[in-house]
Amino acid sequence: MLRYLRVLLAVVVSGLLAAPVALAADGGGPVVLTVTGNIAKPNRGPVDAFEDAVFAHLEVKFDKAFTFTLAELQSLPQRSVTVRYEGWPREVTATGPEIGDVLKAAGAEGAKILVQAFDGYAPEFTGDDIARGKLILALAADGKPLSFGGRGPLWLLGPPDSFAGQEGEDSLAFAVIRIDVQ
Ligand SMILES: Nc1nc2c(c(=O)[nH]1)N[C@H]1C(S)=C(S)[C@@H](COP(=O)(O)O)O[C@H]1N2
Ligand SMILES: [Mo]
């Protein structure tokens, strides 16, 4: 009987401990970025019409992808961009991983890089644009994490010469949810 109780106690305790450990192992939070297209090491399967409601709404289709949580993006080398585009009330210093480093971590390679936002806005870049190494996926600005409903949680940002033919802040998408590489 005592032995039975001890086993029962062990099962209950391990059950209590299991949940937080699992959360830490996946990066500690929800997925904030999905990289699709030509990726070498996918960590998830095809778009699911029910679970992936926003992708389904935007008519996004993929059969494999590589996902990042915010913590995983924070664990990549962080870069800063200080910029003030026309019409902004002040200069902004934003930090986050360089987009090339994000693609490298996802094992993504290609000449056509589409950065898609929550509202469907989806500017396209070339491999040469990315190779300039000037575009970051900002996670924070002026020391504060970017919010959903604000410019976050991920904001594509760079100085005025970040990519070929750049005109001001055109193509600098806020609320980025997906990068597709072809
Ligand atoms: N998600 C998203 N990001 C976007 C856009 C958009 O429509 N959706 N418009 C772009 C364009 S064309 C410009 S000029 C700037 C406008 O940003 P502002 O609010 O700082 O003027 O955001 C860019 N990022
Ligand atoms: Mo614009």
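Counting starts at 1 for both ligands and their atoms, following the listed order. For the single chain, residues carry numbers from 1 onward in sequence order. In what follows, every heavy atom counts, from backbone to side chain, and hydrogens, waters and symmetry copies are set aside. The structure presented is a predicted model; accordingly, all values stated were derived computationally and were not measured.
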Protein residues having a heavy atom less than 4.0 Å from any atom of ligand 1: Trp88, Ala117, Asp119, Tyr121, Arg151, Glu169, Asp170, Leu172, Ala173, Phe174

Salt-bridge present (Asp52, Arg178; N to O < 4.0 Å): no

Would you give me the side-chain donor-acceptor pairs under 3.5 Å for residues 136-159, sequence neighbours excluded?
residue	atom	partner	partner atom	Å
Asp142	OD1	Thr93	N	3.0
Asp142	OD2	Arg90	NH1	2.8

Below 4.5 Å, heavy atoms only, C-beta onward: do Ile179 and Ile113 meet side chain to side chain? yes

Glu124 versus Lys112, closest heavy-atom pair with distance: OE2-CG, 3.1 Å

Counting C-beta onward and ignoring hydrogens, is there a side-chain heavy-atom pair between Phe62 and Asp180 closer than 4.5 Å? no

Is there a donor-acceptor pair closer than 3.5 Å between any side-chain N or O of Asn38 and the backbone N or O of Val181? no

